[in-house]
Structure formats: structure tokens, C-alpha cells
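Notes follow once the structure below has been shown.
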Amino acid sequence: MKIADKYVPGDIEGKWYDYWISGGYFHSEPDSRPAYTVVIPPPNVTGMLHMGHMLNNTLQDVMVRRARMSGMNACWVPGTDHASIATEAKVVAKLKEQGIEKSSLTREEFLKHAWQWKEEHGGIILKQLRRLGASCDWDRTAFTMDEIRSASVIRVFVDLYNKGLIYRGVRMVNWDPAAQTALSDEEVVFRETHSKLYYLRYNLIEGDGYLVVATTRPETILGDVALCVNPNDPRYKHVVGHAVRVPLVGRTIPVIADEYVDMEFGTGVLKVTPAHDVNDYMIGEKYNLEVIDIFNPDGTINGKVGMYEGMDRFAVRKQIEQDLAEAGLLDRTEAYTNNVGFSERTHVPIEPKLSMQWFLKMGELAGPALDAVMNDDIKFVPAKFKNTYRHWMENIKDWCISRQLWWGHRIPAWYLPEGGYVVAETVDEALELARKKGGEGLQLSDLRQDEDVLDTWFSSWLWPISLFDGIMNPGNPEIKYYYPTNDLVTAPDIIFFWVARMIMAGCEYMHEKPFRSVYFTGIVRDKLGRKMSKSLGNSPDPLDLIDRYGADGVRVAMLLCSAAGNDIMFDEAMCEQGRNFGNKIWNAFRLVNSWNIDENKEQEESSRLAVEWFGNLLDRTLVQVDADFASYRISDALMTIYKLFWDEFSGWYLEMVKPAYGSPIDGKTLAQTKMFFDKLLKMLHPFMPFVTEELWHGLKERADDESITISDMPVGGSYDENLLARFELVKETVTAIRNIRQQKNIPNKEQLKLKVICDENFCEVYNPVLVKMANLSEVECVSEKDPAAPSFIVKTTEYFVPLEGMVDVETELRKLNDELTYLEGFLASVMKKLSNERFVANAPQKVVETEYAKRNDAEAKIKAIRERIAALK
RNA sequence: GGGAGUAUAGCUCAGCUGGUUCAGAGCAUCUGCCUUACAAGCAGAGGGUCCGGGGUUCGAAUCCCUGUGCUCCCACCA
């Protein structure tokens, strides 16, 4: 295959993705190989690809591609999430643009619009993932509201209900007045808010005294039913049992006493509003107080009290402040900072509200799920998240699973005309149950299905099971083969929403963990450390980056700065580095590809040595990379290969085997070089799938169904550590000679002579390499120093580069003296250790021995330098 | 208010069980080079109070205490 002269990522990437798809390389069916399964954290169906997705999916793809090449049956299942609140909000907004109010539509009409929206905008994100190179099994693409997944959700709901784990009840919930639905505790985010503390006067009914109450929410006086003080508070003992008048409202309410009240806070008097505060609700229950709900679902005031009706909660606050002041009932206000809960989705302040909701008891489910993580049956990477997980699991609260929305899985509960309800998977079953409960005469039309849908996470928590139909069809061959999955890659902010709940569902429905390990990525930030967000406008468009740097380049960029669990500071410059690396690989290929072969030519000794060395180095690197992957150090693995390719292979190996300009290369060396190239491409492929596939096809003729994606990942073998160490000395020698060239301004073309005082650290076997890499005419073993020649020492070996009249004695002496000073200091520190009896006595034998070795080396070097200085003088 | 993490070169980060991998890597910077694959490159070089202060030890970037900075999670104080 012909390779273009210039590396232009855009020109090759699309082509290969199509090739992979038509070859079916990403499709998986159960077979005799071990399975390697990854389920994608399903993105919102109408979402757009952002940098977080890029990081997350690049990591998954690297792991999946590597597994696929390592003899495993890799299966990466993609899909999308219906994202109840987010999607419904988008559809409502869209309809509003068209002049349609949600309230004017029936449920069926609205859902029709929603599905239409989903068909139009849904799954764009999955197409975008293809640009990235994600090797998902697209034949398995799922959606949390498709047939199997929906049926699974309903079955699990009915099952949990029948087990007594799901119940319905009136509770104080987090109410989102914008979406007009209840939220789970996890969907509420607390933010520090600057507000005011209002001090209100409650006049006593008897006499003309008053009590002052501090509150942040004066509008809730409409729902006040009592004042409460601490029974031990001497200031207020005399008023307990008396009555006061609610400011403006005029209602008479009692003053009660309860130790819950903190005497230190505010004035030590608490107003009790059971409908609009969780703690007040508990006090209300305890003292059997009335509950006055003053809000409509949208956060406006209702007609119960007959004041401020229809006004928004925040407008009322302002109005009431003014009215209180005018009535002389506002004692004072002061600035105050407190934490206010906001809706994670709609970003409006949450209203604690009493309402009838469905809940799932979590206590029993949490036990086994906690154990699985704490005993490392499920491995968290990094492990620090185990703490977070444990804390949440040990303090878990019941999960509010109902949402007052239409887009989602409708709760399979049907109400009977005479009260009561039944829970069943289908309406027919419901009718059957209903007849048993409420009489044989009941008809379908008598049943009324619950209006609410389930929390989105109530479907996602089944994802690793429902993707393989393990709920509806337990024990089927697919679930048996693919479950438990291997690695889950996700962000730590959904550890409770998703990870914890999947583990609970796995333990409950499979009696087995859903995945073997969880890799937590960091949050992608910009280079200033700010979270990337739409509103800041600091998030680059991933597709734009791909257009400019290629998917391979962006993938490398993401990975280079992504230690697990650490936030990643994304800098576009990293993309440039990634693209440059692709370019490097490309050009190395072009060089190898340009060589003409002469089958009759003997292999040069320098080439033979180069092949021997690089083969060992490759083995060592493969072992290293294996270890990196085993401990999820993906970024390190890439850097290891990066340096292997750029520095060792391109910088050293290729230069060593490169034939002289215009001459051909021997067959043996070329074959071995191409073999190395093949292995390097395979090692790089999980990280940079496109450029490696292109060049792999360029390496030799391939059959139509061949692809690097399904080739075998090379495995590391044994290697000669000593050989590698010796070679490092050769490289040091070459570098030293290059330095002399640079200092003396000697062009590379000019050949130099090298004299060596051979000792045990000099290995003349490598002379051919020295000759080639440093452009030497000869390497001569001598016993006499050459005071007239520039010299250097590698380890303990002295080298001289004879140059006619080019020695600058001054500079040479200064250099030598500098080195001498350093070595003498070094020796002194070693001697200090060795003369310390306690060190010699207490330190391990090995450590002491290395100190002696250091001393001997240093002494030898010092001696050599002294001699040289003497000779120069 | 409770808990966790983190602080190492200009930047992003390695440094695992204290000791030749102990002060490292990549990028950036500086100095030479259009050397016949690559200037998206090649050859070199410089750069650090390992956050401050104590301690343990023969020996501390590493362990302990303490202070400071940053980050995150959890929590109803009106």
C-alpha cells in the first residue's frame, strides 16, 4: 500500500472506521475465549460529546482494544440513557418555542413529541463517539427505554414491591418547582448562598411583649403553626405555653418547648413550619401540629391563607419584608451566609415539600454491596474512593424513586375506585389482582394507573444486567458469558447515583458483582484549573479538536495527563504533542519504507548489534507496559511506549541500521526492522488506532479481512539486563563525542578518531556502533593517556579524541577541576557514611556494599582526573 | 461542622516496602543545526529549600507530629 508523504490525520481516519465496521471486528458473540466486557456509562440520549466523554471513552477504548488483541473476546456495549428530567425539560422548552404548553397536552400527545425529539436528536453522541474511534459493538446498542430495558425495569419494580422493599408514603421530599417533580437526595446540590437573616416580631396575645424569631425565609410565616424554644432557656421559660400572633397573618399559635432548639442560634426561638422544613416537620409530628402547605407545585403561593396568592416565592419574600417593616414587625435584618439546596438539573432552589411518593428501602440492599467493595471483590481505582463509598453506604437513606414527569418508565401501580392499589407488570395482571381485592365486577376502565414515572437511575442501575437481558431472561447464554463485566470507567461524581446502585442491583439480581473493577477518572478542567462548562465557554468542542489534530492526537492528549482519580488539567498544547507523535510514527515508517533491499548483502555488525539490543529493549518494555496496565497506569503505559518509539527506536535504532545514502539495506536487517515496526504499531494501536492501522497496512500486503484491531498483541519475553546496561554506556560515549564536536565546532561529516584506555567497563564488541553513530575512523585501545586530546570518562573508562591543535588547555583544566571538586565532595559524603560505625553495623549488607563500590569508583575517577590535570600542566 | 485527598523543575505529573532509578519524566525554555524520514524535526544544555517547622532513624521527598495553602465528599442548625 502506498503511504502519503505527509501525515494528515483527517485523510485516513474516516476510511478505517468504515473498514472496521464492515469487517465486523467490534462485534462480539459468546465463544470459547474468555470474555472481556465493558458497558458504556450511557450518555444522555440527546446529549452532545464533551471533554469528559472524550476522556472516559478514550480510556475505555484503550482497555477494550488491548483486551481484544490479547486473546479475549472483547465486548463493549454502547447505549444511551433517557435522562428523564433533562430530556423532558428540553422537550418542554422546544414545545414552548413552538407556542405549545405542556399543560395543554395529554400524556400521550406529549410522549409522542418526546419520542419524535428522541428520534431526531437522539444518538448523535453515539455517532460522535465513532469519530473518536470507539470500538463499540454497535449491533448491541441499547436505550434505557427500549423494549427489553423497559420490561426489565417494570419487572424489578414489581419484584421489589412484592418483596416489601418498595413502599408508598407521604414524606418530606426535595421538590423542584421548575421541573415540578420530587428529586432524590443525590439530585440536590448545596451551594453557599448569601442571603439575609430576618428578625421577626411575634406579639404575645396576653400583654404587650413579643418574641423575636430569626429566619431566612420570612415568606414561610404563612405556614407557621407554632414557635419553639429550648425548655432549658431561662430567657423564655415564662412564655412556654403562651400564645403569639403570627405577624401579618394574624393566626394565633402556641409557644412550645423542645430540646431540638439551639439556644445559641439567632434569638433561640424557632418558628415551626411543618410543611416547608424537614426538621419542623419532625417537630410537628411530635407535637401533633397542623401542616399548612402554602405553595403550589410551581413555587407560587396557593390560596390556603388568602394572602399573596399566585405570587412567586421570591417575590413574596421581598414583599413580605416590606410589609413587615411597614407594620413594625420587622425587628432588623442582617447579612447571612448559608447552604441552600439547588436542583442538579434545573438549578433552581429546592423546596422541601410534603408529598406522596414511592420509596425503595435501601438498608438490606446495601449490606452485600458494601462488603463487595470493602473486601476488594470489586476493585476501586484509585482505592481512596472506598472511603467515600463506605460512608455513603453506611448512612444510606431510602431512595425516592417516583418523579412527577411523563418521560420515563411509568410506575406499574393501578388504583382501585374504592381506594387501594395493585402493582403488576401488565394491566391485565393488575386487573386480575384488582378483582381479587375489590370484587369480580371490576373492569379495565375502573383502574387508574399511577401518573408518575421512575427515577432515571432506576433503569441505569440495572444496565450491566439488562444489556444482556439478564432480568427478563435470567441464566441466558449471554448473561452467563458476559457477566460480570470487567472494567467500569466512570467519573466519581456518579459513584452514588450509579456505581453503588449497580452493585446493589447486581448483588440482588445476579448474586454477583456487576464488574470486577471501577476506574474513576478525574474531572476535566482547563489549564487554569477551572471546571469546563458551557457557561464559562472554556470547553473546547471535541469534534473541532479532532478536526484539527486527528482523533489519535486528541486521544494521546487526553491520556498523557490522566492519572486515575486526579482531575486533569487539559491544555490544547497536549493535542499538538499527540499529533506530533503521530507525525513521528508516520515519518519513521516512510524512512523504513524507502529502503531498497539487497538480498545478497551481508548484515553489518553494527546492524546486528542494533537488532540484538532493540530486541531486548522491546521485551523489557513489553513487560513494563503489562505491569502498567495491570495497575491501571494507562498514562504511564503510553509514555513508556512513546519514549520507546521516539527516543530508542527512531533516535537510536533506526540511525544505527540506516544504510548509507543511496545504498541498499541487507534483507535480514530490513526484515527484523519491519518485525519491530509491526510490534510497535500493535503496542500503539490501543492508544492511536487510526494511524497504526494505516501504517500496519503499509507494512506489507494484507488480505481483505486483515486488521490490526484483531491482530495479536506482542508479549514480553526474557531479556538481558546486562546487555541493556552496557548499551547505555555506548550511548553515553556517543553523546560525549557529540558534545566534543559541538564544543569544537567540528561538522558531523568529519571523521574522528577515538582512543580508549580499555578497562572492565569498556566493551569493544560495540565498536562498530560507536564508529557508525559518532562517525569515527577507528577506535583504538591504548594504554597511555593523550594529554593533548580532549577527553571524557564514561563510568570508569577514559576516552580521548585526538584533534590536531584543538585542545584548549584553559577550558579543559577548568572542566576537569569542576569535575574533581564534585567528585571529592561526593567521595567525602560516602566516606562519612562508611566511617559511621552505626551505619556499617545497622544498614543491610547490600547497602553497605554499594557504598564501598561507590567509594572505589569515585577514587578511581579522581585518580584519573588528577593524572590528566598533571599531564595537561 | 465532620471526613478524605493533595503540595516535588516554569507547566502537568512519576517517585510503590525509608538506602544507586533519589532528586526523575514529558512538555516548555535556552544554545547550535535546513545532517539525504520528520523544523510537527535533529544534537546539546540549564533549571528544584521535594510547602514551612519540629521529631523518629546510622540514613527521610518517603514514616510521625504540627502549621499553612489548594481540592473534593458528606452534613437540616432556623
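To find a chain, count down the sequence lines: A is the first, B the second, and so on, and within it residues start at 1.
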Touch class at under 4.0 angstrom, heavy-atom based, for N339(A) against every strand present: base
Atom CD of E334(A) with >12 non-hydrogen neighbours under 6.0 angstrom: yes
Heavy-atom contact window of chain A on RNA chain B, given 5' to 3' at under 4.0 Å: G5(B) to A78(B)
Main-chain N/O of A774(A) paired with R741(A) side-chain donor or acceptor, under 3.5 Å: yes
Base-paired stems that RNA chain B participates in, counting runs of 3 or more Watson-Crick or G-U pairs under 3.5 Å: B:1-7 with B:68-74, B:10-13 with B:24-27, B:29-33 with B:41-45, B:51-55 with B:63-67
D647(A): salt bridge (charged side-chain N to carboxylate O under 4.0 Å, His left out) partners, not counting sequence neighbours: none
RNA chain B-proximal residues of residues 731-741 of chain A, any heavy atom under 4.0 Å: T735(A), R738(A), N739(A)
Sugar-phosphate only, base, or nothing, as touched by Y549(A) at under 4.0 Å among non-hydrogen atoms: nothing
Touch class at under 4.0 angstrom, heavy-atom based, for R217(A) against every strand present: nothing
Partners passing side-chain hydrogen bond (donor to acceptor under 3.5 Å, both in side chains) against T673(A) (at least two apart in sequence or in another chain): Y653(A)
Sugar-phosphate only, base, or nothing, as touched by K854(A) at under 4.0 Å among non-hydrogen atoms: base
Sugar-phosphate only, base, or nothing, as touched by Y642(A) at under 4.0 Å among non-hydrogen atoms: sugar-phosphate
D277(A): salt bridge (charged side-chain N to carboxylate O under 4.0 Å, His left out) partners, not counting sequence neighbours: none
Rounded C1' spacing from G52(B) to U68(B) in Å: 7 Å
Touch class at under 4.0 angstrom, heavy-atom based, for W595(A) against every strand present: nothing
